[in-house]
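Structure first, commentary second.
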Amino acid sequence: MKTLPFFCRGKVVRGFGRGSKELGIPTANFPDSVVERLPADISTGIYFGWASVGGGDIHKMVMSIGWNPYYKNTKKSMEAHIIHKFKEDFYGDVLSVLILGYIRPERSFNSLDSLVAAIHNDIEEAQRRLDSPEYRKLRDDFFTSTRDHILNGH
Ligand SMILES: Cc1cc2nc3c(=O)[nH]c(=O)nc-3n(C[C@H](O)[C@H](O)[C@H](O)COP(=O)(O)O)c2cc1C
Ligand SMILES: Nc1ncnc2c1ncn2[C@@H]1O[C@H](COP(=O)(O)OP(=O)(O)O)[C@@H](O)[C@H]1O
Ligand SMILES: [Mg+2]
């Protein structure tokens, strides 16, 4: 995917409220304006990278881009599960993400448990891959040079 790494930023909006309640895995959802501006060659699927809320600490993240086939959403979404325990929700805060790599396509599952298990595997894979020196360097390069700018690009 030639547009990776891809950096984007937007205010966290509400989704269907399923992430925390049904899956036990909250996802911070990006607004339509950010989803619509994704480069065409970033296909739907599951990605990993780095994220920061409100310009705060940088954490590992996994992201889902697409129509959530298990739920048959009709609107494309971009949602990040940040691998960190937050004290409270952060709707309305600015979320910055650096998307670095692709994990797998989105798919449907026979049960909620299988979807949850697949997401836990994604989280483990992201944890492992983001420890590489190359991805740590990209984190430092992108977040220190772009912290004060609004952008949707790479
Ligand atoms: C790492 C990750 C992988 C995901 N994989 C899938 C998938 O394969 N199929 C699917 O239907 N949804 C997938 N999802 C999306 C979840 O279904 C979605 O985050 C959940 O429904 C919460 O949506 P909400 O923010 O609207 O509440 C994934 C989400 C994450 C964070
Ligand atoms: N580790 C986390 N990663 C992502 N969002 C989190 C996390 N911890 C708390 N949140 C909060 O949970 C919200 C997402 O929960 P979710 O159940 O997916 O609801 P929604 O459908 O409104 O996106 C985020 O917008 C954010 O405010
Ligand atoms: Mg969500």
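Owing to the predicted nature of the structure, the values given are computational and were not obtained by experimental measurement. Counting starts at 1 for both ligands and their atoms, following the listed order. In this chain, numbering begins with 1 at the start of the sequence shown.
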Separation between OG (S96) and CE (M61), nearest 0.5 Å, reads 11.0 Å
To the nearest 0.1 Å, how far is atom 1 (N) of ligand 2 from its closest protein heavy atom, and which atom is that?
I82 O, 2.8 Å
With distance as the sole test, does S20 use its side chain to make a donor-acceptor pair with the main-chain N or O of G24 at under 3.5 Å?
no
Is there a polar contact between ligand 1 and R18, counting only N or O atoms under 3.5 Å apart?
yes
Is there any N or O on E88 that sits under 3.5 Å from an N or O of ligand 2?
no
For ligand 1, which atoms sit closer than 4.0 Å to a heavy atom of Y71?
17 (O), 21 (O)
Here the atoms of ligand 1 under 4.0 Å from any heavy atom belonging to V62 are 1 (C)
Taking the basic N atoms (NZ, or NE/NH1/NH2) and the acidic carboxylate oxygens, is any pair closer than 4.0 Å for D32 and K76?
no
Show me which atoms of ligand 1 lie under 4.0 Å from any heavy atom of T27.
19 (O), 22 (C), 25 (O), 31 (C)
Does R14, backbone or side chain, put an N or O under 3.5 Å from an N or O of ligand 2?
no
Check ligand 1 against L23 and write out every atom of the ligand that is under 4.0 Å from a heavy-atom position of the residue.
16 (C), 20 (C)
Would you kindly confirm whether V13 and V97 end up in one hydrophobic cluster when ILVMFWY residues are joined by side chain heavy atoms under 4.5 Å apart?
no
All heavy atoms of N68 vs all of E106, minimum pair found to be N-OE1, 2.9 Å
Of all the non-hydrogen atoms in the protein, which one sits nearest to atom 8 (N) of ligand 2, and at what distance?
F86 CD1, 3.7 Å
Counting only nitrogen or oxygen atoms and a 3.5 angstrom limit, does V12 reach ligand 2?
no
Looking only at N/O atoms, are G17 and ligand 2 under 3.5 Å apart anywhere?
yes
Take the angle between the ring planes of Y70 and F109 and call it parallel below 30°, perpendicular above 60°, tilted in between.
tilted
Which of the atoms in ligand 1, numbered in the order shown and given with their element, are less than 4.0 Å from a heavy-atom of G17?
27 (O)
Provide the number and element of each atom of ligand 2 under 4.0 Å from a heavy atom of N29.
23 (O)
Counting heavy atoms only, which of R107, E106, K75, R104 is nearest atom 5 (N) of ligand 1?
R104
Going through the distances and angles, do F48 and Y102 end up as a ring pair (Phe, Tyr, Trp, His ring centres under 6.0 Å)?
CA-CA 7 Å; F48 65 88; Y102 179 78; 9.6 Å; no
Atom 27 (O) of ligand 2 [closest protein heavy-atom partner, distance rounded to 0.1 Å]:
F90 N, 2.7 Å
Proximal ligand 1 atoms for Y70, defined as those under 4.0 Å from one of its heavy atoms:
10 (C), 11 (O)
Heavy-atom pair of closest approach, residues T44 and G66:
CG2-CA, 3.8 Å
Let me confirm one number: the CD-CG distance from E79 to L95, rounded to the nearest 0.5 Å.
11.5 Å
If you round to the nearest 0.5 Å, how far is OG of S52 from CD1 of I82?
8.0 Å
For atom 11 (C) of ligand 2, the closest protein heavy atom turns out to be D89 OD1, 3.4 Å
Considering only heavy atoms of F16, which atoms of ligand 2 have at least one such atom less than 4.0 Å away?
21 (O)
Select the closest option to atom 13 (C) of ligand 1 among I123, V116, L115, judged by heavy-atom distance.
L115
Is the shortest distance from a Lys or Arg side-chain nitrogen in R129 or E125 to a carboxylate oxygen in the other one below 4.0 Å?
yes
Over 60° means perpendicular and under 30° means parallel, so classify the ring planes of H84 and H59, tilted if in between.
parallel
I25-W67 co-clustered via ILVMFWY side chain contacts under 4.5 Å:
no
So which bit of H84 gets within less than 4.0 Å of ligand 2, heavy atoms only: side chain, backbone, both or neither?
backbone
One thing to verify: whether D140 and R136 come together as a salt bridge, which I'm taking to mean a side-chain N less than 4.0 angstrom from a carboxylate O.
no
Excluding waters, which are neither shown nor counted, protein N/O/S atoms under 2.8 Å from the Mg ion (ligand 3) come to 3
Return the minimal non-hydrogen interatomic distance between I99 and L4, and the atom names on each side.
O-CD2, 3.7 Å
If you measure every N or O of G15 against every N or O of ligand 2, does any of those distances drop under 3.5 Å?
yes
Neighbour count above 12 (heavy atom, 6.0 Å) for N110 CG:
no
Classify the contact between N68 and ligand 1 as side chain, backbone, both or neither, using a heavy-atom distance cut-off of under 4.0 Å.
both
Need the ligand 1 atom indices (1-based, order shown) with element for anything under 4.0 Å from a heavy-atom of G15.
26 (O)
Of S20, A80, G19, A51, the one whose closest heavy atom lies nearest atom 15 (O) of ligand 2 is S20
Walk me through it: do D93 and K11 pass the test salt bridge (Lys or Arg N to Asp or Glu O under 4.0 Å)?
CA-CA 5 Å; D93 285 4; K11 279 192 179 177; over 6 Å; no
Sub-4.0 Å heavy-atom approach of A118 to ligand 1:
no
Between G19 and ligand 1, is there a nitrogen or oxygen pair with a distance under 3.5 Å?
yes
Under 4.5 Å between side-chain heavy atoms, counting indirect links through other Ile/Leu/Val/Met/Phe/Trp/Tyr residues: same cluster for F16 and M63 or not?
no
Check for me whether W67 has a heavy atom closer than 4.0 Å to any atom of ligand 1.
no
Would you check whether N29 has a nitrogen or oxygen atom less than 3.5 angstrom from a nitrogen or oxygen atom of ligand 1?
yes
Below 6.0 angstrom between ring centroids: does that apply to Y47 and F6?
no
Tell me the protein heavy atom at minimum distance from atom 19 (O) of ligand 1, and give that distance in Å.
E79 OE1, 2.4 Å
Any N or O on I25 sitting closer than 3.5 Å to an N or O of ligand 2?
no
Suppose we measure from atom 13 (C) of ligand 2 to each protein heavy atom; which comes out shortest, and what is that distance?
Y91 OH, 3.6 Å
Just distances here: any N/O of K21 and N/O of ligand 2 closer than 3.5 Å?
no
Considering only non-hydrogen protein atoms, determine which one is nearest to atom 14 (C) of ligand 2 and report residue, atom name and distance to 0.1 Å.
T27 O, 3.0 Å
In terms of side-chain heavy atoms, does T27 have a donor or acceptor partner in N29 at a distance below 3.5 Å?
yes
Among non-hydrogen protein atoms, atom 7 (C) of ligand 2 lies closest to P26 CG, 3.6 Å
